[in-house]
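Below: one structure, written as structure tokens.
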Amino acid sequence: MPEITPRGLTGLAFGGDYNPEQWPEAVWEEDVRLMREAGVTLVSVGIFSWALLEPAPGAHDFGWLDRSLDLLHDAGIRVDLGTPTVVPPAWFYRAHPDALPVTAEGVRLAFGSRGAICHSNPAYRAAAADITTRLAERYGDHPALAMWHVHNEYGVPVSACYCDTCAAHFRRWLERTYGGVDAVNEAWGTAFWGQRYASLDEIDPPRATPTVGNPAQALDYRRFADATMRENFTAERDILHRLSPGVPVTTNFMTALSQCDSVDYWAWGREVDLVTNDHYLITDGRRTHVNLAMAADLTRSVAGGAPWLLLEHSTSGVNWQPRNPAKAPGQMARNSLAHVARGSDGAMFFQWRQSRRGAEKFHSAMLPHGGTETRVFREVTELGAAVQSLASVRGTRTEADAAVLWDWQSWWAQNLDWRPSQDHDARERADAFYEALYDHHLTVDFARPEGDLSRYPLVVVPALYLMTEAAGDSLRRYAEGGGTLVVSYFSGIVDEHDAVHEGPYPGALRDVLGLTVEEFSPLLEGERVRLTGPGGAELQADVWTEFVVPRGAETVWTYADGPAAGRPAVTRHRLGEGTAWYVSTRLGTDGLATVLARAAEDAGISPRDDLPHDVEVVRRSGDSGRFLFAINHSGADAKVPLETPGTELLTGERAAGRLAVPAGAVRVVRLDG
Ligand code: GAL
């Protein structure tokens, strides 16, 4: 992917969503003055302002936006200009009530929040194209314009609509994808439960049914819904490219949030000029900085390894979780700079000034209700200066040690109903493997199952239930060529239509793993099993066991008890120049770390277990140099060995030998040479 950056920015981006329309114009001067004080260089404007830009059908009011953009430009602040197509005005829905989306249960959602859109609706499509055209014509060469921000977070809050317009659009999609009803019947296995269709006209969206519906239909509907949103994105993007040439177009992703699993970002990454991401800490008791690192690594991977931009995160608490703790002192900077370490060319927030009204008034912002005499504003200002001192990092790429396979479509398939155990959660496995790699201080790229993996010594496959034969072949070639694979249970089971691969499990991976699985035997709630292994080392597991039959693989850990007692639990298969490990049960992070340490030996990589726990060390490199980021998430001061001396950019001090990273602090060293 070409590296395309916001126009006119020389350093890293720093700023946030800016909603001047929520404030009297008298406040705008103060906004701009304080933005400069805080080191803001880029703001996202106009994302939700369609009703203000077009107060009545065909009647436009661009005056306020003209004045706001000019004010920002005069202050040297660049603009990421939104197309406001995520919230059409109320008058639009009065004229086109069928543009409101319908749920699978047949409920038409109402206007009055945001994102109430049927993406198949022709009136919506025409109106979105019209407002986008008018904005592009008016602002396409505005001197403040750095980039375009289309819509907002496609896929949330509505991931799919089930109305009649969508039904017709779905049938056209099926026609294009399959060529006719026979191929659909075959792919969906409609012989089961007498679901056979005589014509595409008989097919509807997977609306609420008495019991479980056809899984392949449900899976295809997710693909259709995703493709339909992408049609609308590319339509707007193409207008912007035509009328505002040379200005990058993005839409903000939410790569790793399980709340936004409805978008196949591998496909979207190819459509945007610049990948941007929103990330919020989910306070569910787990280590939030690990989830953050994973989101950032996934975003970079969607960008093909190129720099990307963190377009939203929060300065402190959010307001949409059951409990919304404030960030601890220093946590915001650690969060922001961890994204930068993992490839973001900046750190942006939702939002600049905390709203007084509306649904998000208790969401933190850069300028809180309390004003400038607040901890948050002081920390924002300090962070603005820190970000400025990292300008030379811009454009460099994060170095990765290993890859984790990731596939949204497999995730969709895995989450359909009636699986061997409701306790198995594919996302949980991805998180757990990621956390084990993180704790070994290995930096991870995410990779597509069918992509070229040859540059990675170690590839981890957390729970890739849906895997095409081509993906299985690619993994076999990877291992035979000298790679080391680690595969978890319930991987390689079905093809792209959610049909079980022919023959014993795991169909797509039998050869590479050197085994078959005769039967799954998930555990009951709370049940645990023990595994015994090399030198008597014991591991604990839960949720899943199965009856593995080695066919070339050696057994490394064996079930000591439970339904699979005496059978292989963790195996290792040598093939060609490489090795494939298989983990047939749910190990905790410690157990996974133990297995991964063995696999890392096969891969010839050394986990950096000399580095302190919860001290994140990541490197970026490129034409402007090599940078070591050390982020201390722990409560203890730490030392990080430096391979060469260098200059610490946040303090300007020289650094050599063992770099001191105080508890909670961040250090960024530009390494010499
Ligand atoms: C994002 C969204 C923003 C704001 C933010 C609050 O998902 O794009 O507009 O709502 O969440 O956390």
Side-chain angles (χ1 to χ4, degrees), residues 16-22 43-55 60 65 79-93 95-103 108-136 139 147-161 163 166 225-240 249-255 257 259-260 262-263 265 268 271-272 276-278 280 311-312 320 348 350-351 355 358-360 363:
D17 282 21
Y18 176 41
N19 297 302
E21 67 274 25
Q22 293 178 16
V43 288
S44 304
V45 178
I47 301 169
F48 301 103
S49 58
W50 192 343
L52 292 120
L53 294 170
E54 192 174 359
H60 294 91
L65 188 54
V79 171
D80 166 37
L81 187 56
T83 68
T85 52
V86 68
V87 189
W91 56 254
F92 170 81
Y93 288 113
H96 305 285
D98 56 349
L100 289 163
V102 174
T103 66
R108 199 174 280 283
L109 301 176
F111 177 77
S113 69
R114 64 172 170 183
I117 293 164
C118 163
H119 279 280
S120 301
N121 186 272
Y124 169 74
R125 288 179 165 209
D130 181 70
I131 188 71
T132 301
T133 303
R134 286 168 193 276
L135 280 166
Y139 301 110
M147 57 199 266
W148 288 100
H149 177 303
V150 169
H151 205 266
N152 193 64
E153 293 176 342
Y154 282 95
V156 284
V158 175
S159 57
C161 166
C163 73
C166 283
D226 176 53
T228 302
M229 289 188 282
R230 215 159 46 244
E231 284 169 3
N232 286 354
F233 168 72
T234 54
E236 289 193 37
R237 179 205 60 194
D238 293 349
I239 293 170
L240 297 169
V249 179
T250 193
T251 181
N252 45 342
F253 295 169
M254 289 220 281
T255 52
L257 282 192
Q259 291 87 336
C260 186
S262 57
V263 172
Y265 287 117
W268 285 74
E271 302 293 352
V272 295
T276 56
N277 198 49
D278 299 347
Y280 291 94
L311 213 51
E312 290 181 25
W320 38 259
M348 311 264 296
F350 175 83
Q351 62 176 329
S355 302
E360 296 191 310
H363 192 292

Over all atoms of both residues, closest heavy-atom pair of Ala116 and Pro101: C-CD, 3.3 Å

For the student: nearest non-hydrogen atoms of Phe48 and Arg114, plus distance: CZ-NH1, 3.1 Å

Partners meeting salt bridge (Lys or Arg N to Asp or Glu O under 4.0 Å) with Asp17 (sequence neighbours left out): none

side-chain hydrogen bond (donor to acceptor under 3.5 Å, both in side chains) against Tyr154, all qualifying residues, sequence neighbours excluded: none

Test side chain to side chain donor-acceptor pair (under 3.5 Å) applied to Asn252 and Asp80, Asp278, Asn277, the passing residue: Asp278

Side chains of Arg237 and Trp148 in contact at under 4.5 Å (non-hydrogen atoms): no

Partner residues of Arg134 under the side-chain contact (heavy atoms from CB on, under 4.5 Å) criterion, sequence neighbours left out: His60, Phe62, Asp130

Check: Gly155 main-chain N/O paired with Ser159 side-chain donor or acceptor under 3.5 Å: no

Sequence-distant partners of Ala123, side-chain contact (heavy atoms from CB on, under 4.5 Å), two or more places apart: Phe92, His96, Asn121

Results of salt bridge (Lys or Arg N to Asp or Glu O under 4.0 Å) for Asp98 - residues two or more places apart only: none

Thr251: partners by side-chain hydrogen bond (donor to acceptor under 3.5 Å, both in side chains), with sequence neighbours left out: none

Spatial distance of atom CZ (Phe350) from atom CD (Glu360) [nearest 0.5 Å]: 4.0 Å

Student check: side-chain heavy atoms of Cys161 and Ser120 closer than 4.5 Å: no

For the student: nearest non-hydrogen atoms of Ile131 and Pro84, plus distance: CG1-CG, 4.1 Å

Side chains of Leu311 and His149 in contact at under 4.5 Å (non-hydrogen atoms): yes

All side-chain hydrogen bond (donor to acceptor under 3.5 Å, both in side chains) counterparts of Tyr93, not counting sequence neighbours: none

Qualifying residues under side-chain hydrogen bond (donor to acceptor under 3.5 Å, both in side chains), relative to Ser355, sequence neighbours excluded: Gln22, Gln351

Closest non-hydrogen atom pair, Val87 against Ser113: CG1-O, 4.2 Å

What donor-acceptor contacts under 3.5 angstrom involve side-chain atoms of residues 227-234, with partners at least two apart or in another chain?
from, atom 1, to, atom 2, distance (Å)
Thr228, OG1, Phe224, O, 2.7
Arg230, NH1, Asp226, OD2, 2.6
Glu231, OE1, Arg125, NH1, 3.4
Glu231, OE1, Arg125, NH2, 2.6
Glu231, OE1, His169, NE2, 3.1
Asn232, OD1, Arg125, NE, 3.0
Asn232, OD1, Arg125, NH2, 3.4
Asn232, ND2, His119, O, 3.0
Asn232, ND2, His119, ND1, 2.9
Thr234, OG1, Arg230, O, 3.1
Thr234, OG1, Glu231, O, 3.1

Sequence neighbours excluded - salt bridge (charged side-chain N to carboxylate O under 4.0 Å, His left out) pairs with any residue from residues 43-54: none

Closest contact, heavy atoms only, Ile47 versus His151: CG2-O, 4.0 Å

Aromatic ring pairing Tyr124/Trp50, orientation class (parallel under 30°, perpendicular over 60°, tilted between): tilted

Smallest separation among heavy atoms of Thr85 and Ile117, with atom names: O-CD1, 3.3 Å

Glu21 and Ser49: CA distance, side-chain angles, deciding distance, side-chain hydrogen bond (donor to acceptor under 3.5 Å, both in side chains) verdict: CA-CA 8 Å; Glu21 67 274 25; Ser49 58; 4.6 Å; no

Leu65: side-chain contact (heavy atoms from CB on, under 4.5 Å) partners, not counting sequence neighbours: Val45, Leu53, Leu69, Leu81, Leu135, Tyr139

Asp238 side, atom CG; Glu271 side, atom CD - distance, nearest 0.5 Å: 8.5 Å

Qualifying residues under side-chain contact (heavy atoms from CB on, under 4.5 Å), relative to Ala225, sequence neighbours excluded: Ala160

